[in-house]
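So that the names make sense, note that chain A is the first sequence line, chain B the second, and so on, each numbered from 1. A quick note: this is a predicted structure, and the numbers were derived from the prediction, not measured.
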Amino acid sequence: MNPRLDPLRQVRGVWVGVENAPVPAVASGHLALDRQLPGHGWPRGSLVEILTAAPGIGEVSLLLPALRRLAQEKRVAFVQPPFVPYAPSLAQSGLPLERVAWIDAAGDEAQWAAEQSLRSGAVSAVLYWGASVDPLDLRRLQLAAEASQALLFLFRPMSALAAPSTAAVRMALNPQNGKLRIDLLKARGGRPGVLQVDPFRRTAPPRASDFLAPATSPVRRAALT
Amino acid sequence: MLWLCLHLPALPLEALGPPPETPLAVHERRGGKRILLAVNEAAVRQRIGPGMTVAAAQGLLPGLRVVERQPRAEKQALQHLADWACQFGSELFFDAPRRLLWLEIGSSLKYFGGLESLLPRLQTSLQGLGYSAGLGVAPTPEAAAWNAQAEDGPILKARDLQERLGYYPLGWLPFPEAVEGLASSGVKTLAELLRLPADGLARRFGPALPDYLQRLLGQRPDARERYQPPKVYRRRMEFLGAIESTEGLLFPIRRALTEFQGYLRARDSAVQHFTFEFEHEGHPRTRMELRLTAPARDAAHFLVVVRERLERLALPAPSLALTLRAERFLVPDLHQGDLFDQRLQQDGEWLGLLEKLQARLGADAIRFLGLRAEHLPERSWHAARQPQPGQAAFPPRPFWLLARPQPLQQPPRLRGRPERIEGGWWDGADAQRDYFLAESDSGSQLWVYRDALNGNWFMHGLWA
């Protein structure tokens, strides 16, 4: 893009065009990321592949602003999450608990459940932790997402980087100075690139000061060690 | 705006339930006299009619049973009727003393196929509910009320109001003193009344009368408080003795569902979702939420679903009472129509998915998360088959929780200050933990704790 246009882009209300026709998308809630994504957000009806080096780096928090919105529209399904989605945290993040379904399945059954959820038209997003999905199955999932215009976030380990992918958006996440480095490897209709966001901006993890609040209950008090 | 008015002359009688075979009349005290308001058919056959004094009627028919008008029962009956009438229009209100109920139909008329189809349908349904009503239609509520008493065909245009109303007898004016005063000066119809100057009327009968006439003719807006239908059905049943077994609960449940079916039928509505709550002594209530794949109102169908759930229900103690609750009533007739609620369709899709997933993965594989006001992190959440209501405030918590705390060989790189969580000594799970935020070598944000009792380190969650 012409650098002389940069000042213009700072003006509110100036819309930066992307190459293709507008893609229906859900804003990610991170401006830096939205600028690069097709349709300025997570593109509906597509597969978004998220590769992580390790769990617990803000990979779910990254999605929270969009999930809040998606959970208002329809239900959101977690398929085969690696740990227990912790209810107090979800509630703190503003996710309505009654709109989030945790589907506990593994292997083929998990993949089947993800596909059924996408096809049903009853969910707006599926978060699927599927380590080993072969390319053909990936394609099936993508078609299912397209059919109902639902979003599929597929979490895979970094080792899947070498595997071919038909995802509309593909990104690798790495921790970087307490924030999250996003290598946007692929963004069909958007602009691939490298950026950094703070996924914990409005949620956890807490700063040290959060723990200094006076204890309100006799059972829980801050120990000053 | 087009108003439909239901005039229910026999309401004082009909509100008392199914009329008996023997002559019955309802009276009202006016001045020192007891005047008959409404009489049943058996009384009509014996030449007893409204307007007679009780003394005269009983003189004619010594066996006549006479009861006093019961305003509370009439108001309740009108409320039930209003709940039922909601399906024909969303704006309605009623005037219990005058036995009138209004319904705005201008916006829904097309949907119901015009007046030609709506009015007969209403008449039939009303008869089925045990009410006889005169129906009137006019552009203002009061004109509709007059039209309902005249029953001489709807008034559709505001410009026709004066001409059509002009012939109506002045006796229908809800100002009895003015009616008498005007009659004595020879004014007998509305047309004659309207020829009199408004300021003169105001001087003689007070400002309410000219104001009423202006509302009647649509020269002044007629703002009334709209009736709000209750959003919740609630029926609590106390048991004579504590019921031990879930099997034993079936009897009161069946009764509650049968009543509920009657309620739904009377309202021509259905539900897709209802709740049973069982009360126990010394334990919190047990809640059983039922979701159907399609709206229904059949008690037998409900019972099948309830029975299946009941078998798997673990009750902490014998039950003392039950409560059946339902909200969001649906109109079965309208499901295929334009008024189909998108949200409900979504629920239908969701239930379809749920059934499919449960059939293959097992009923417990699809979970909803709930909160518990407990201190120990592993106790402050739970998973259930049904969405869980509830709120609780917690300090910042990580997105992932490990199903079991995982022992750490060495203390990790800690950040921040600890949060002391103690809990459970009163119920045998003694714990004193200091929770920290920590970072792993790979950059993962961990939630770890040191067991204050033995000094061991554990990982309990991840800030994902």
Side-chain angles (χ1 to χ4, degrees), chain A residues 53-61 64 74-75 77 81-93 97-105 109 112-113 116-117 119-123 174-176 178 200 203-213 215 217 219-225, chain B residues 346-354 356-357 360-361 364-372 375 377 380-383 386-392 394-403 415-423 434-435 437 439-440 442-447 452 461-464:
Chain A
I57 56 174
E59 70 276 20
V60 185
S61 301
L64 278 175
K74 291 179 180 181
R75 286 168 177 85
F83 306 99
V84 174
Y86 193 34
S89 169
L90 268 69
Q92 278 165 359
S93 319
L97 291 178
E98 70 278 7
R99 307 285 285 176
V100 177
W102 166 15
I103 302 177
D104 187 31
E109 290 196 322
W112 172 84
Q116 293 305 318
S117 306
R119 284 202 189 286
S120 68
V123 302
N174 283 290
Q176 188 176 57
F200 296 124
T203 56
R207 288 172 299 278
S209 57
D210 289 339
F211 286 130
L212 290 174
S217 113
V219 238
R220 211 201 79 235
R221 56 176 182 266
L224 300 170
T225 46
Chain B
Q346 221 188 74
D347 278 0
E349 286 167 348
W350 169 248
L351 288 163
L353 172 64
L354 208 56
K356 206 182 231 175
L357 294 175
R360 174 152 167 192
L361 306 175
D364 290 326
I366 294 82
R367 302 170 184 171
F368 289 91
L369 296 161
L371 299 169
R372 287 216 170 102
H375 296 288
S380 51
W381 74 281
H382 67 119
Q386 299 290 330
Q388 298 298 305
Q391 280 187 325
F394 292 92
R397 290 288 179 257
F399 194 86
W400 295 133
L401 188 77
L402 269 56
R415 285 171 47 192
R417 307 183 97 161
E419 178 192 359
R420 166 63 67 95
I421 298 180
E422 297 178 353
D434 292 320
Y435 277 84
L437 177 63
E439 196 173 309
S440 77
S442 58
S444 299
Q445 307 290 311
L446 312 178
W447 201 41
L462 289 148
W463 307 85

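Across B:Leu462, B:Leu369, B:Leu401, B:Leu402, the residue that shares the most heavy-atom pairs under 4.5 angstrom with chain A is B:Leu401. Heavy-atom pairs under 4.5 Å with chain A peak, among B:Leu361, B:Ile366, B:Leu446, at B:Leu361. If you tally non-hydrogen atom pairs under 4.5 Å between each of A:Ser117, A:Gly178, A:Ala113 and chain B, the highest count goes to A:Ser117. For the set A:Asp104, A:Val84, A:Ile57, the count of heavy-atom pairs under 4.5 angstrom toward chain B peaks at A:Val84. Between chain B and the options A:Ala105, A:Ala54, A:Gly58, the largest number of non-hydrogen pairs under 4.5 Å is found for A:Gly58. Put simply, of A:Ala77, A:Pro88, A:Pro55, A:Ala87, the one with the most heavy-atom pairs under 4.5 Å next to chain B is A:Pro88.
Of the two parts of A:Ala53, neither the backbone nor the side chain holds a non-hydrogen atom closer than 4.5 Å to a non-hydrogen atom of chain B. For B:Arg372, no part lies near chain A; criterion is any non-hydrogen pair under 4.5 Å. When heavy atoms are compared at a cutoff of 4.5 Å, A:Ala101 approaches chain B by way of both its backbone and its side chain. For chain A, the nearby parts of B:Leu357 are the backbone and the side chain; heavy atoms of each come within less than 4.5 Å.
Of the possible donor and acceptor atoms, one in the side chain of A:Gln92 sits under 3.5 Å from a partner among the backbone N and O of B:Phe394. Side chain of A:Ser120 to main chain of B:Glu349: no donor-acceptor pair is present (N/O by atom type, distance under 3.5 Å, no hydrogens or angles). The closest donor-acceptor contact from the side chain of A:Tyr86 to the backbone of B:Trp381 lies at 3.5 Å or more, if one exists at all.
B:Phe399 and A:Ser89 get closest at one heavy-atom pair: CA-OG, 3.4 Å. The two residues A:Trp112 and B:Lys356 have their closest heavy-atom pair at CH2-O, 3.7 Å. Between A:Val123 and B:Trp350, the shortest heavy-atom distance links the atoms CG1-CZ3, 4.1 Å.
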**OP:** Check the pair A:Phe200, B:Gln445 against side-chain contact (heavy atoms from CB on, under 4.5 Å), reporting the backbone distance first and the verdict last.
**Re:** CA-CA 11 Å; A:Phe200 296 124; B:Gln445 307 290 311; 4.1 Å; yes

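Residues B:Trp463 and A:Ser61 form no side-chain contact, since every pair of their non-hydrogen atoms from C-beta on lies 4.5 Å or further apart.
The distance from atom CZ of A:Arg119 to atom CG of B:Leu353, rounded to the nearest 0.5 Å, is 12.5 Å.
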